[in-house]
Amino acid sequence: GGSSTPTAQTDVGVTSNSILLGNTIAQSGPAAAYGTIANAENAYFTYINNTQGGVNGRKINFKVLDDGYNPANTVTLTKQLVEQDQVFAMFSGLGTQAQTAVRDYLNSKKVPQLFVATGATTFMLDYGKPSTADASIKWNYSIGWQPPYQGEARIYAKDILANHAGAKIGVLYQNDDYGQDYLKGLKDGLGSNASMIVDAESYDVTAASTVSQLVKLKASGADTLFLFTTPGFTIPALVTVTKLGWAPAIYLNSVSNPQVYMGIAAKNGAALKNVTSVGYIKDPTDPRWASDAGMQLYKTVIANCTTCNVNDGFNIYGAAVAWTMVDVLKQAGSNMTRANVVSIATSGLNETNNPFLLPGVVVKTTSSDHFPITQEQVITWNGTGWTLQGSLIDERGTIK
Amino acid sequence: MQELLQQVVSGIATGGIFASLALALVLIYNAMGLVNFAQGEMAMLATFVALALIDHGMNYWIAFPVTLVIAFAGGIAIERVVIRPVERAPILTLVIVTLGLATLINGLAGFIFGYVPRAFPSPFPVQTVNILGALASYQDLGVIAVSAVVLLAIYLLLQHTTVGLTMRAAAHHPEASRLLGVRVSWMLALGWGLASAVGSVSGIMVAPILLLQPNMMQTIIIYAFAAAVLGGIESPIGAVVGGVIVGVTVNLAGVYLPFVGGDLQLAVALAIIVGVLVLKPNGLFGRPSVRRV
Amino acid sequence: MLTRIRNSPPRYWLVVVVILFFIGLPTVISSFQASEWAQVLVLAIAIMGLNILVGYSGQISLGHGAFMAIGAYTFAILIHRYRMNYLVAIPLAGLLTGGIGFLFGVPALRLSALYLALATFALAVVTPSLIKRPAELTGGVQGIILPPVDPPPAAGAAFTALTGTPMTSDQWIYYLTLAFALVLFWLAWNLVRHRAGRAMRAVRDGEVAAAASGVNIAGYKTLAFGISALYAGIAGALFGLAVGFVSPDTFPVSLSIQLLVGAVVGGLASIPGPLIGAIFAYFLPIESNQWVPAQTWIPSQIASTVEKAGPAVTYGVVLILIMIFAPNGVVGLVTAGYARLRRRLRGAADRENGQMPPDPQTV
Amino acid sequence: MTLLDVRELSVRFGGVVALDRVSFTVDAGEVVALIGPNGAGKTTLFNVVTRVYRPTSGSVLLDGEPVSRMPPHHVVRHGLARTFQNVALFRSMSVLENVIVGDHTRTKSGWLQSTIPLPGTVREEARARTRAMEMIHFVGLDDVAARPVAGLPFGTQKRVELARALVSKPRLLLLDEPAGGISHEEVDATARLLRRIHDELGTSVLLVEHHMAFVMGISDRVVVLDFGRKIAEGSPGEVQRNPAVIEAYLGAA
Amino acid sequence: MALLELEEVRAGYGPTSVLHGVSLSVPEGQIVSLLGANGAGKTTTLRSITGGVQWTGDIRFAGRSLRRMHTEDVVRCGIAHVPEGRGILTELTVDENLKLGSHLRRDGAAVRKDYDRVFEYFPVLRERRRLSASTLSGGEQQMLALARAFLTKPRLMLLDEPSLGLAPLIVRSIFEIIRTINTEDQVAVLLVEQNARLALEMSSEAYVLEVGRVAVRGSSSELTGNDAVRRSYLGY
Ligand SMILES: Nc1ncnc2c1ncn2[C@@H]1O[C@H](COP(=O)(O)OP(=O)(O)OP(=O)(O)O)[C@@H](O)[C@H]1O
Ligand SMILES: Nc1ncnc2c1ncn2[C@@H]1O[C@H](COP(=O)(O)OP(=O)(O)OP(=O)(O)O)[C@@H](O)[C@H]1O
Ligand SMILES: [Mg+2]
Ligand SMILES: [Mg+2]
């Protein structure tokens, strides 16, 4: 049990001057590129500790363990953090399979599993439902943060119906929850027009290339290409499209759209004409934000992390989600119990001023809606950067 | 028809990538009697070195040979420090050492260069040529051409020079070779150096296509294994032909075999490995090994 | 052989001590640590299976994680879909995996060591994507979540009586795994020193001579594959039980490599080897970047470098060092040390007679 | 009674004709020597008989049954055991274990009985051990029974092989150069041992050997091969006087 | 001065010591035989010379100590060692095996002449040039090993049981060839042999090893004449 003072309520992992948060993430192995997220989060906590003395006088300690993207490791390490290190809550754990693996455990122990770093819909949609394996466990201590993949895909559907109603759509998607969620969102969003999709080709993460799929998509007569692919596949795919002498309109998912990647694709020979995506976070490489206060803050924060690359989109993601976490802790005030923190995070968020998100994006949860971020803005590539198009599109309440 | 042709041409291009790494595997097999599981990682590291040189303002055509030399020296250093102590150990020990090496180099590259993918310049333009209606880019053709040149060099070296002969001798019969005055230890080091240099050529060629990042070679190496096994692991020509066949097969199987689909490409490579080994264990170009009692 | 065993009674005492140690362990460590040790025992079982294949029958497998995957998925499907009792599902999973392993052994017959290494390596790489394919059965990328298991009342009561604290699910899984491990180790020990195991070793040492002695080479090689897969299958089922979740990413290539590393580090063709190897294979990757930074005596630059460089670097370095300095594994090291000690105690007499050192391969 | 019947046996390796329509027999109770220049095909013949190689044409009958119908590991069940020219022992095992492996066909317990040894299995193990020890005693290796075979002197290793072959109670023993590479004293000892194998165990022997004194002293009949063809057959005396044999093999003494 | 001299050489395998102080010498251009029972240490003696085992004491070749020299360097001094088991590189062809014999030589014309001689001695090798050495029969492999050793143009050949497994006719011709090489090219030979009679016929001097020590040493004619020695050590 944790220490408790007579005046304020606390739980395990909280002392009068500290809060311990835990995290598991891939810092080695196939998904090691994501590992920097935790470093950025830590940088933000360090910044809060140094400049504000922590939250309500409590410094945030953040213990990060490397699970190598293997769910079995995640289980062990999460148990270690909960039972041995006695963390107050798990924050921003990475990976759909990995976080699914520990969801039952954390909920049965009533340890908050906050703002998991995946856009898998289940972490928002299935909030409060009983576990599929053991009905006595309710999933009411878990929640995601970023826009669900399905929601994002619905925005594309809206955009295409509005602007290119006669398009023939070809889809290249990664054959896992990530790619499948996107595909489902697109189909749902197109609704009765789902027949616009003339071909959908999948690839496995172990594929050497997606050339064969792209050749097939081109041959299918598609004039619009959706890439529901991770950056490592997106960039070569963009180049391949050019090499095939193909010039479809391209929709790129938000995971792959940071300017660094676009730059690499361009350098490697991709034509990059007519590319559309969406965004909800400020892109650190976008000159538009050069004098933006949020971006200035990000740069100050990220200086606390020696291994972090300022331009890496994952890092500003980390800072943004850490901002929300601190926001929740601030709101919890002296009532630092797990139950209270979870209830704020899952049902009481209304964050309009997260400085790292695009202007207007609200992080919001209510007792009936557990999708923290649902707004995104369509962007198009202008050859050197992204241009914001129109206004934010909100998919709140559409995913059921 | 048009699509089929394009699939084949694209498959050949991808096969060039497999072939170039498979060549390095074949070389190390001939020079060590060993399959080097760290081959891909060594190539990746060398490519990072090349990029660092280019980023520091060195001309591509100077950086290329300099990287080769560095990779050669690195290969020798690895042999001296890591392989030499286990030189006489059973094959399993060596396999594990190279697996350890792969892990180590991968982690090291991540630590030094980070996991964010990098652009890598290519000497060949992405412009395409039309071959009977199918498009191939100069870049892909360039990879194949370079592989062919490397192949020729390796073939001549192994089969028609004394150094090649002593390298093969040292690899397969160290004790007997010593008694013939072969400096076995240096031959093995030389083999590692050469294989490392050939691997770096492969890395430099494919990095513009694959994206340079620490995990760049992780799955490619399996396809390269498949290519080397298909061609016959000691045959350089086999590596190239095997690479092309694997590239084309993987492409076509994904499109024309419904149960394979796009997402079981690697399983096709596995099937090739197992199938070849069972039906024709020495590959297409391998010499049958003779068993005498 | 008989005389050798008679000459070394300490070995039997050691076995008893080790067993008692493992039975008592959960009473002094936390429930979380018990869950870690349960995984060590799971690995030990799988490594023992691999050891039968690699150490005793001389075939290499870099893909044993795939057999663990089959075992784990069989187990998960049996209890998730068919609501089978987990105690029944574990041996069933083992048997099915054993059967599949036996079939896999048939093509493997034709492969030499290096090729077999490559083929099995490719198998390990492709396993996660193969699992995704029959999505209705395997749950695809979502995997299968398994219900937690509660200790049976009798076991719980006994544990409470002993320690004064209630038995957790993790502690119960630990004991269950220990029971399986003990039985399977005992069976393996029997196997290798009786007729079938001797025949396997004969095949490993020389196929032509073994055939000339009447040993069915193909039979024993596939048998070794089958038994070895059976062990891996049971380990996989217990792994699924301990982790409470199976999914494609739970069985990456690195698992197969971890098993092989454990087998070699512990010492091939030895019975205690897999246990030692499992301890190593389990704790090294997990601890390698937690332990060093936590040690105050290690200079902070080194500690922080190790932490940042990540476990892969440490893992690789340690692995290579072990292979260089103890190529016969820990057991080989200990046996050699013991032999040296005995020689020293006995004086130089043996040396003059040309007494051979005990062969590390036949511990 | 004919134990081994080699009929018109030919073996070709690519262009090399190792055996060219060779026929001869070995009767029960006989000691037959197979001699001939290096590369004449003697070892190849052994390898065909024990099913290591497949013949190109012709057949080998063991007790009237064609060996081509037997899988390699069944040959020994039909009463035929062999030793190897370059010694093929199980290197990681002790002398005793090596010999017990030779007993493989006379024991039954399968893998299940091995993993869960019931009293029957244990008794069988004990019997196999006893038989092996007897055979080790027979060839005179009691001192080294527990030693690993690796590192034993060559001559000793040859005797271990002999014991391993004998423990299967073969009716016909194929010996490939039993006197090769061992010293003169041991050659004599080996000759005495072979006599005892023949007399006491009643085993027939087919042996390949270049040591002429040994061959002539021990065999009932000699078959001579040259370039894969049989060039002579007869009693040691006859063969020794045969001009073709002298020219191809013995040389003018 | 002797070409090769061993002085109190002790050697063994790991903890097992095999040689307990062996001293012998091979004069320039002579054949010296080394006899002894199985396990006496003959092979080990040869291995010591070419650095195949660890040894103490001293070994000098042409006046130069071989202490701490690697096998390949010893060989490059002009010693050809045909080991027990022949050391054939079975992965390579017969031709490649022979090439390895001459690969260190720079005297091209002489090498070609030596090849011709080798093929004259062993015609079968010419026939099998392109075949994998693994297919050769035992005797053929022995010929290959000798031919290869000859092609290194050594000053001293160490032959470990060259008659092993050879047909009588071949044994005689091989010994004939050894003698020819010895007389025509002044190559000294240290000959390990089980066939004592033949060995003594060939050599000028002989040593008999017994459990790692020199038990008898003398000129070959002396030993052949000495019945006691013959019976107790040479077995005929
Ligand atoms: N597996 C094989 N492949 C090709 N040729 C072979 C093979 N085995 C044997 N030979 C050839 O067949 C011939 C006969 O060989 P074999 O070993 O039977 O001779 P041998 O009579 O036993 O000779 P030795 O007395 O020297 O042992 C040789 O010329 C040999 O090169
Ligand atoms: N690799 C080895 N490891 C351990 N002991 C060995 C090894 N090789 C040889 N011995 C031992 O060293 C001793 C001497 O062996 P060596 O081979 O020198 O004898 P030899 O005189 O050549 O005998 P042979 O006539 O059988 O060839 C023998 O007792 C043998 O068992
Ligand atoms: Mg023979
Ligand atoms: Mg010897």
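The sequence lines fix the lettering, A, B, ..., with proteins before strands; numbering per chain opens at 1.
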task = Compare all side-chain heavy atoms of B:Leu99 with those of C:Val261 and state whether any distance is below 4.5 angstrom.
result = no
Contact winner vs chain C - B:Val97, B:Leu92, B:Val274, B:Ile273, heavy-atom pairs under 4.5 Å = B:Leu92
ask   = Closest heavy-atom contact between C:Ile324 and B:Val81?
value = CD1-O, 4.2 Å
key: Toward chain C, the part of B:Leu101 with a non-hydrogen atom under 4.5 Å   = both
ask   = Of all residues at least two apart in sequence or in a different chain, which pass the ring-ring contact (aromatic ring centres under 6.0 Å, His included) check with B:Tyr223?
value = B:Phe18
Gap separating the CG atom of B:Leu266 from the OG1 atom of C:Thr127, nearest 0.5 angstrom = 9.5 Å
request  = Can you measure from OG1 (B:Thr98) to CD1 (C:Ile320) and round to the nearest 0.5 angstrom?
outcome  = 9.0 Å
task = Can you tell which part of B:Val86 gets under 4.5 Å to a heavy atom of chain C, answering side chain, backbone, both or neither?
result = side chain
query = What part of B:Ile233 is in contact with chain C, defined as an atom under 4.5 angstrom from a non-hydrogen atom: side chain, backbone, both or neither?
reply = both
Inter-residue atom distance C:Ile60.CD1 - B:Ile96.CD1, 0.5 Å rounding = 8.5 Å
message = Does any backbone or side-chain atom of C:Leu123 lie under 4.5 Å from a heavy atom of chain B? Answer side chain, backbone, both or neither.
response = both
query = Which atoms form the tightest heavy-atom contact between C:Ser129 and B:Leu264, and what is the distance?
reply = O-CD2, 3.9 Å
note = For B:Leu108 and C:Val313 the tightest heavy-atom approach is N-CG2, 3.5 Å
inquiry  = Which atoms of B:Val95 are under 4.5 Å from chain C, going by heavy atoms: the side chain, the backbone, both sets, or neither?
reply    = side chain
inquiry  = If I measure from the heavy atoms of chain B, does C:Leu321 come under 4.5 Å with its side chain, its backbone, both, or neither?
reply    = neither
inquiry  = Looking at every heavy atom in both B:Leu270 and C:Ala122, which two are closest together, and how far apart are they?
reply    = CD1-CB, 3.3 Å
Atom group of C:Val54 that falls short of 4.5 Å from chain B, counting heavy atoms = side chain
message = If the test is side-chain contact (heavy atoms from CB on, under 4.5 Å), which one of C:Val317, C:Leu319, C:Thr314, C:Val318 qualifies with B:Leu104?
response = C:Val317
task = Give the intermediate values and the outcome of side chain to side chain contact (heavy atoms under 4.5 Å, CB included) for residues C:Val126 and B:Ile222.
result = CA-CA 10 Å; C:Val126 82; B:Ile222 303 284; over 6 Å; no
